[in-house]
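Counting begins at 1 with the first residue of the sequence.
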Amino acid sequence: MSFFGDLFAGRAAQQAANYNARLSENNKKIKDMEAKQIMSVHNDFNLPKFDKTVEEIQGTTRVSYLTSGAALEGTPITALYANALELETDRDIMQFNAENARDTKINEGIMLQAEADLQRFRGKVAKKASYYAAGQSLLNTGTSMKSAGFI
């Protein structure tokens, strides 16, 4: 390849790498927004809806016991307590799942940023390699001209 061709190829490789890096960084931003959205939906929609359902379940159970004439002691209170524990466990699982989904998106974003950094590094290496190739091309041309007797 010629001197100018080597330089052009290195520059083009660096531009392509920078473009790919920008794409990866844009995808990272999307992952970060998805992570925020996951927690926002969880905290602003899912948890309040779940809490309302818990109150309805516990209220309905309490009213059922009271309308049947049972006092809120002994078995009914034990059942309400067991029900509350199970519902709280479900709430904790929901919280864990939301945080896990958020953390997965954050980790995907971190990997995309690492990919962007790697792309930029590859572009710099390709550009530097093109300088060496261009220098080699000049040396070969000079050597050829000297052996041909032009220099």
Side-chain angles (χ1 to χ4, degrees), residues 1-140:
M1 193 178 261
S2 72
F3 172 78
F4 292 111
D6 289 331
L7 292 178
F8 179 76
R11 191 174 190 194
Q14 186 177 28
Q15 288 174 341
N18 287 340
Y19 175 78
N20 288 335
R22 285 191 303 276
L23 288 177
S24 290
E25 286 173 339
N26 285 340
N27 288 336
K28 179 197 181 305
K29 288 177 185 175
I30 291 169
K31 295 298 179 185
D32 290 344
M33 288 187 303
E34 287 174 354
K36 288 179 184 175
Q37 183 181 18
I38 286 168
M39 290 312 293
S40 178
V41 167
H42 175 70
N43 291 329
D44 298 339
F45 178 72
N46 291 342
L47 278 184
K49 184 178 177 183
F50 182 79
D51 290 341
K52 183 179 177 190
T53 303
V54 166
E55 289 174 16
E56 289 172 358
I57 290 170
Q58 289 293 76
T60 302
T61 305
R62 204 173 292 117
V63 167
S64 294
Y65 281 125
L66 292 173
T67 56
S68 69
L72 286 180
E73 57 185 29
T75 303
I77 208 74
T78 303
L80 284 169
Y81 178 72
N83 203 20
L85 280 177
E86 186 174 332
L87 292 167
E88 195 59 36
T89 300
D90 291 345
R91 190 177 199 281
D92 290 343
I93 290 170
M94 283 177 58
Q95 183 72 27
F96 173 81
N97 288 339
E99 289 173 359
N100 189 41
R102 177 203 59 204
D103 292 346
T104 298
K105 295 297 180 185
I106 290 171
N107 287 335
E108 288 172 3
I110 290 168
M111 293 304 294
L112 287 166
Q113 183 61 54
E115 179 63 28
D117 294 342
L118 181 61
Q119 286 292 335
R120 283 199 177 86
F121 176 75
R122 286 180 180 158
K124 287 178 185 177
V125 168
K127 186 176 179 184
K128 190 177 279 190
S130 75
Y131 289 149
Y132 293 129
Q136 181 66 38
S137 176
L138 282 178
L139 286 173
N140 289 341

Heavy-atom pair with the smallest gap, counting every atom of Asp6 and Ser130: O-CB, 2.9 Å

For Ala13 against Ala126, the heavy-atom pair lying closest together: CB-CB, 3.5 Å

Within 6.0 angstrom of Gln58 CD, more than 12 heavy atoms from elsewhere: yes

Steps toward side-chain contact (heavy atoms from CB on, under 4.5 Å) verdict (Gln119, Arg22): CA-CA 9 Å; Gln119 286 292 335; Arg22 285 191 303 276; over 6 Å; no

Residues Gln14 and Asn18: side-chain donor-acceptor under 3.5 angstrom: no

Between CZ on residue Arg91 and CD1 on residue Ile93, distance to nearest 0.5 Å: 13.0 Å

Nearest-0.5 Å distance that lies between atom CG in Asn97 and atom CG in Asn46: 10.5 Å

N/O donor-acceptor pair under 3.5 Å between Asn43 side chain and Met39 backbone: yes

Expected output: side-chain Thr78 to main-chain Gly74 donor-acceptor under 3.5 Å: yes

Asp103 vs Ile106 side-chain heavy atoms within contact, under 4.5 Å: yes

Least distance between heavy atoms, Ser24 atom then Ala116 atom: CB-CB, 3.8 Å

Check: Tyr81 and Ile77 side chains under 4.5 Å, non-hydrogen atoms: no

Check against side-chain contact (heavy atoms from CB on, under 4.5 Å), Lys31 and Leu112: CA-CA 9 Å; Lys31 295 298 179 185; Leu112 287 166; 3.8 Å; yes

Lys105 side, atom NZ; Met33 side, atom CE - distance, nearest 0.5 Å: 12.0 Å

4.5 Å side-chain heavy-atom contact, Arg11 and Lys127: no

Met94 atom CE: more than 12 heavy-atom contacts under 6.0 Å: yes

Nearest-0.5 Å distance that lies between atom CG in Leu7 and atom OG in Ser2: 8.5 Å

Within-4.5 Å side-chain heavy-atom neighbours: Asn27 and Glu108: no

Atom pair CG/CG of Leu85 and Asp90 - distance to nearest 0.5 Å: 11.0 Å

Residue pair Thr67 / Ser64: nearest heavy atoms and the distance that separates them: OG1-O, 3.2 Å

Least distance between heavy atoms, Ala98 atom then Ile38 atom: O-CG2, 3.5 Å

Residue that, paired with Asp32, satisfies salt bridge (Lys or Arg N to Asp or Glu O under 4.0 Å) out of Lys29, Lys36, Lys28: Lys28

Residues, nucleotides or ligands: over 12 heavy atoms within 6.0 Å of Glu86 CD: no

Side chain proximity check, Glu115 to Asn20, heavy atoms < 4.5 angstrom: no

Non-hydrogen atoms of Phe50 and Leu87 that approach each other most closely: CZ-O, 3.3 Å

Leu118 and Arg122, any side-chain heavy atoms less than 4.5 Å apart: yes

